[in-house]
Amino acid sequence: MKPILLQGHERSITQIKYNREGDLLFSVAKDTVTNVWYSVNGERLGTYNGHTGAVWCVDCDWDTKNVLTGSADNSCRLWDCQTGKQLALLQTNSAVRTCGFDFSGNIISFSTDKQMGYQCFLNFFDLRDPQQIEDNQPYLSLPCNDHKITSAVWGPLGEFVISGHENGEFNQFSAKSGEILKTVKEHTKQINDIQTSVDLTMFVSASKDNSAKLFDSATLDHIKTFKTERPVNSAAISPIMDHVVMGGGQEAMEVTTTSTRIGKFEARFFHAAYEEEFGRVKGHFGPINCVAFHPDGKSYSSGGEDGYVRIHYFDPHYFDFELEA
């Protein structure tokens with residue numbers, strides 16, 4: 001089936017995210033705009049305008065009421081999903097790299113970059129306390145002195161945040177006490193993306209060391225490894241099958257010197273148990289920066305360096321993908 005091409009950004013896509021029902025798809029890019037689309041036909045519903053720098057991250061709470069975005073304009077913003085109205089503006093000292101709601105939708109976390117002499121911090125706000133938002137004072141602010149956080153997700157029951165760092169390390173930060181519960185280092189280079197399974201018991205990481213790995217969320221035990229020949233920018237776990245989709249490609253600055261075939265810009269499918277690649281999907285004219293499975297498992301989306309978001313529908317039980325030797 002022909003993919004749906006979403007053209008609403010002028011610069012490369014940084015993250016895409018489905019809401020829990022899967023009827024909406026949120027996309028953010030380096031062009032300051034946050035878009036929301038109907039995932040079934042690719043119609044653009046609207047935009048959340050307000051950021052003045054590249055938007056690095058986006059998340060939606062479980063009942064699709066609020067949207068959270070983090071940007072290089074040193075702010076994290078909360079929006080009303082339906083009206084597009086800005087509900088809260090949280091100022092920071094450096095760019096906001098990751099953001100997310102816990103499962104209840106009441107607590108948000110976001111991390112800032114280590115730049116301009118400022119530390120990398122992981123901040124927690126309780127949205128039920130308007131005073132925290134008004135004073136711009138998180139109830140918990142954790143400094144990450146050694147290596148900045150490059151990706152982060154909430155663990156099950158909202159008890160902790162799993163963070164991936166630029167040195168290939170994972171940390172579990174308690175959302176209540178702020179202490180580091182566990183630390184593991186399974187990657188040798190920067191972790192570009194972390195995404196959880198539908199029940200939050202596992203997560204998959206994508207790294208610059210040309211691999212994606214599957215972990216247990218609670219124990220951080222390493223379960224499986226999926227190897228490629230290019231840096232992996234993003235990886236997602238299918239909600240209904242034992243499949244992992246990965247996107248990547250070589251560094252953006254080297255793209256002009258190679259053809260798309262050599263650059264390996266396809267989305268690549270691996271079997272989660274056997275660690276074997278069984279399919280590839282072409283499409284983007286540059287590296288894939290982010291991938292996401294639809295909650296029903298019958299389609300997935302990818303956002304690329306070329307500024308396009310593509311929605312691919314397929315039958316997950318029958319693959320006719322091209323697999324090159």
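From a predicted model like this one, the values you see are computed outputs, not experimental measurements. In what follows, residues are counted from 1 in the order of the sequence shown.
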A.B. asks: Examine the side chains of H294 and S301 and answer whether a donor and an acceptor come within less than 3.5 Å of each other.
C.D. replies: no

A.B. asks: With a 4.0 Å cut-off, would you call R128 and D126 a salt bridge?
C.D. replies: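 Yes, this pair counts.
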
A.B. asks: When you group the ILVMFWY residues by side-chain heavy-atom contacts below 4.5 Å and let the links chain together, are W79 and V28 in the same group?
C.D. replies: yes

A.B. asks: Check P239 against P295 and note the closest heavy-atom contact, atom names and distance.
C.D. replies: CG-O, 3.4 Å

A.B. asks: Check the pair H187 / S205 against side chain to side chain donor-acceptor pair (under 3.5 Å), numbers first and verdict last.
C.D. replies: CA-CA 9 Å; H187 285 290; S205 61; 2.7 Å; yes

A.B. asks: Does atom CD of Q91 have more than 12 heavy-atom neighbours, drawn from other residues, nucleotides or ligands, at distances under 6.0 Å?
C.D. replies: yes

A.B. asks: Taking D80 for its side chain and G84 for its backbone only, find out whether a donor-acceptor pair lies under 3.5 Å.
C.D. replies: no

A.B. asks: Would you compute the distance between atom SG of C81 and atom CG of L24 and round it to the nearest 0.5 angstrom?
C.D. replies: 5.5 Å

A.B. asks: First locate atom CD1 of I288, then atom CD of E266, and finally report the distance between them rounded to the nearest 0.5 Å.
C.D. replies: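 One gets 8.0 Å once the value is rounded to the nearest 0.5 Å.
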
A.B. asks: Take atom CD of Q82 as the centre, draw a 6.0 Å sphere, and report whether it contains more than 12 heavy atoms from other residues, nucleotides or ligands.
C.D. replies: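 Atom CD in Q82 is not packed in, count stays at 12 or less.
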
A.B. asks: Please check: side-chain N/O of S207 versus main-chain N/O of Q190, any donor-acceptor pairing under 3.5 Å?
C.D. replies: yes

A.B. asks: Is there a continuous path of hydrophobic side-chain contacts, each under 4.5 Å between heavy atoms, that joins I16 to V198?
C.D. replies: no

A.B. asks: Heavy-atom distance under 4.5 Å between the side chains of F226 and V244, does that happen here?
C.D. replies: yes

A.B. asks: Side chains of V309 and I13: closer than 4.5 Å at any heavy-atom pair?
C.D. replies: yes

A.B. asks: Side chain of D73, backbone of S75: donor and acceptor closer than 3.5 Å?
C.D. replies: yes

A.B. asks: Decide whether R77 and H51 meet the rule of one side-chain donor and one side-chain acceptor closer than 3.5 Å.
C.D. replies: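 Judged by distance alone, the side chains do pair up.
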
A.B. asks: Starting at CH2 of W37, measure out to OG of S39 and round the result to the nearest 0.5 Å.
C.D. replies: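 W37 atom CH2 to S39 atom OG measures 12.5 Å (nearest 0.5 Å).
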
A.B. asks: What heavy-atom pair brings I4 and G42 nearest, and what distance separates the two atoms?
C.D. replies: CG2-CA, 3.8 Å

A.B. asks: Strictly below 4.0 Å, N to O, side chains only: are R268 and E229 in salt-bridge contact?
C.D. replies: yes

A.B. asks: Mark yes when over 12 heavy atoms from residues, nucleotides or ligands other than K185 sit less than 6.0 Å from its NZ; otherwise mark no.
C.D. replies: yes

A.B. asks: Examine distances only and state if a side-chain atom of N35 and a backbone atom of G8 form a donor-acceptor pair shorter than 3.5 Å.
C.D. replies: yes

A.B. asks: Start with the C-alpha gap between L214 and I237, add the side-chain angles, then the distance that decides, and say whether side chain to side chain contact (heavy atoms under 4.5 Å, CB included) holds.
C.D. replies: CA-CA 9 Å; L214 199 63; I237 305 170; 3.6 Å; yes

A.B. asks: Rounded at 0.5 Å granularity, tell me how far NZ in K224 sits from CG in D242.
C.D. replies: 10.0 Å

A.B. asks: Is the closest side-chain donor-acceptor distance between S238 and Y300 under 3.5 Å?
C.D. replies: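 Looking only at side-chain atoms, Y300 and S238 do not form any donor-acceptor pair under 3.5 Å.
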
A.B. asks: Using ring centroids (six-membered ring only for Trp), state whether H222 and F215 fall under 6.0 Å.
C.D. replies: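 Distance test on ring centres: under 6.0 Å, yes.
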
A.B. asks: Less than 4.5 Å apart, side chain to side chain, heavy atoms only: is that true for T69 and C99?
C.D. replies: no

A.B. asks: As an exercise, state the distance from CG of N123 to SG of C76, rounded to the nearest 0.5 Å.
C.D. replies: 9.0 Å

A.B. asks: Could you give all pairs that pass the ring pair (Phe, Tyr, Trp, His ring centres under 6.0 Å) test and reach residues 132-168, with sequence neighbours left out?
C.D. replies: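 Checked against ring pair (Phe, Tyr, Trp, His ring centres under 6.0 Å) - neighbours excluded - the pairs reaching residues 132-168 are F124-W154.
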
A.B. asks: Okay, side chain of N289, backbone of T14: is any donor-acceptor separation there less than 3.5 Å?
C.D. replies: no

A.B. asks: For F203 and D216, which heavy atoms make the closest approach, and how far apart are they?
C.D. replies: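 Taking F203 first and D216 second, the nearest heavy atoms are CE2-O, 3.9 Å.
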
A.B. asks: Restricting to non-hydrogen atoms, name the atom on A54 and the atom on S71 that form the minimum distance, rounded to 0.1 Å.
C.D. replies: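 That would be O-OG, 2.9 Å.
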
A.B. asks: Can you check whether S104's main-chain N or O pairs, donor with acceptor, with W62's side chain at less than 3.5 Å?
C.D. replies: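 Yes; at least one donor-acceptor contact below 3.5 Å.
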
A.B. asks: Do you know which two heavy atoms are closest between P156 and S217, and how far apart they sit?
C.D. replies: CD-CB, 4.0 Å

A.B. asks: Would H9 and S27 count as having a side-chain donor-acceptor pair, cut-off 3.5 Å?
C.D. replies: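 Side-chain D/A pair, H9 to S27: present.
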
A.B. asks: Please check this pair: side chain of T228 against backbone of S211, looking for a donor-acceptor N/O pair closer than 3.5 Å.
C.D. replies: no

A.B. asks: Indicate, with yes or no, if L200 and I107 share a hydrophobic cluster defined by side-chain heavy-atom contacts under 4.5 Å among Ile, Leu, Val, Met, Phe, Trp and Tyr.
C.D. replies: no

A.B. asks: Do T183 and E169 have side-chain N/O donor and acceptor atoms under 3.5 Å apart?
C.D. replies: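 Result is no, nothing qualifies.
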
A.B. asks: Can you tell me how far the OG atom of S12 sits from the NZ atom of K30, to the nearest 0.5 Å?
C.D. replies: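 Nearest 0.5 Å value for the OG-NZ distance: 3.5 Å.
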
A.B. asks: Has T47 got a side-chain atom pairing as donor or acceptor with N49's backbone, closer than 3.5 angstrom?
C.D. replies: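 No; zero donor-acceptor contacts below 3.5 Å.
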
A.B. asks: Please identify each residue that fulfils salt bridge (Lys or Arg N to Asp or Glu O under 4.0 Å) with D102, with sequence neighbours left out.
C.D. replies: none

A.B. asks: I'd like to know if E277 and R280 make a salt bridge, using a cut-off of under 4.0 Å between side-chain N and carboxylate O.
C.D. replies: yes

A.B. asks: Do other residues, nucleotides or ligands put more than 12 heavy atoms under 6.0 Å from the CZ atom of R44?
C.D. replies: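 Yes, enclosed.
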
A.B. asks: Give me the ring orientation class for F278 and F269: parallel if the planes are under 30° apart, tilted from 30 to 60°, perpendicular past 60°.
C.D. replies: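 It falls in the tilted class, 30° to 60°.
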
A.B. asks: Is a side-chain N or O of D209 found less than 3.5 angstrom from the main chain of T188, in a donor-acceptor match?
C.D. replies: yes

A.B. asks: Surrounding NZ of K298 (heavy atoms of other residues, nucleotides or ligands, distance under 6.0 Å), is the total greater than 12?
C.D. replies: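 Incorrect, the count does not exceed 12.
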
A.B. asks: Within a strict 4.5 Å, meaning less than it, do heavy atoms of the Y48 and V36 side chains meet?
C.D. replies: yes

A.B. asks: If you look at every heavy atom in S234 and D193, which pair is closest and at what distance?
C.D. replies: OG-OD2, 2.7 Å

A.B. asks: Just do the side chain to side chain contact (heavy atoms under 4.5 Å, CB included) check on S94 and K114 with the steps written out, would you?
C.D. replies: CA-CA 7 Å; S94 54; K114 185 178 181 179; over 6 Å; no

A.B. asks: Would L142 and F173 count as a side chain to side chain contact (heavy atoms under 4.5 Å, CB included) here? Give the steps.
C.D. replies: CA-CA 9 Å; L142 312 173; F173 289 98; 3.6 Å; yes

A.B. asks: Is T112 reaching over with its side chain to a backbone N or O of V96, donor-acceptor style, under 3.5 angstrom?
C.D. replies: no

A.B. asks: If we only count heavy atoms from C-beta on, is the I149 to F110 side-chain gap below 4.5 Å?
C.D. replies: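 The answer is no, as the side chains (C-beta and beyond) never meet within the 4.5 Å cut-off.
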
A.B. asks: How about L25 and L6: do any of their side-chain heavy atoms sit closer than 4.5 Å?
C.D. replies: yes

A.B. asks: Count the heavy atoms belonging to other residues, nucleotides or ligands that lie under 6.0 Å from OH of Y18, then report whether that count exceeds 12.
C.D. replies: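 Check passes, neighbour count above 12.
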
A.B. asks: Could you list the residues that satisfy salt bridge (Lys or Arg N to Asp or Glu O under 4.0 Å) with K148, not counting sequence neighbours?
C.D. replies: D113

A.B. asks: Could you check if a side-chain atom of I191 sits within less than 4.5 angstrom of a side-chain atom of F170, using non-hydrogen atoms only?
C.D. replies: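 Yes, their side chains come closer than 4.5 Å.
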
A.B. asks: If only side-chain N and O atoms count, and only distance matters, is there a donor-acceptor pair under 3.5 Å linking T98 with S111?
C.D. replies: yes

A.B. asks: Side chains of I162 and N171, heavy atoms from C-beta outward: is any pair under 4.5 Å?
C.D. replies: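 Not touching, per the 4.5 Å side-chain cut-off.
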
A.B. asks: Quick one: do L127 and I108 satisfy side chain to side chain contact (heavy atoms under 4.5 Å, CB included)? Show the steps, please.
C.D. replies: CA-CA 7 Å; L127 298 179; I108 60 168; 3.9 Å; yes

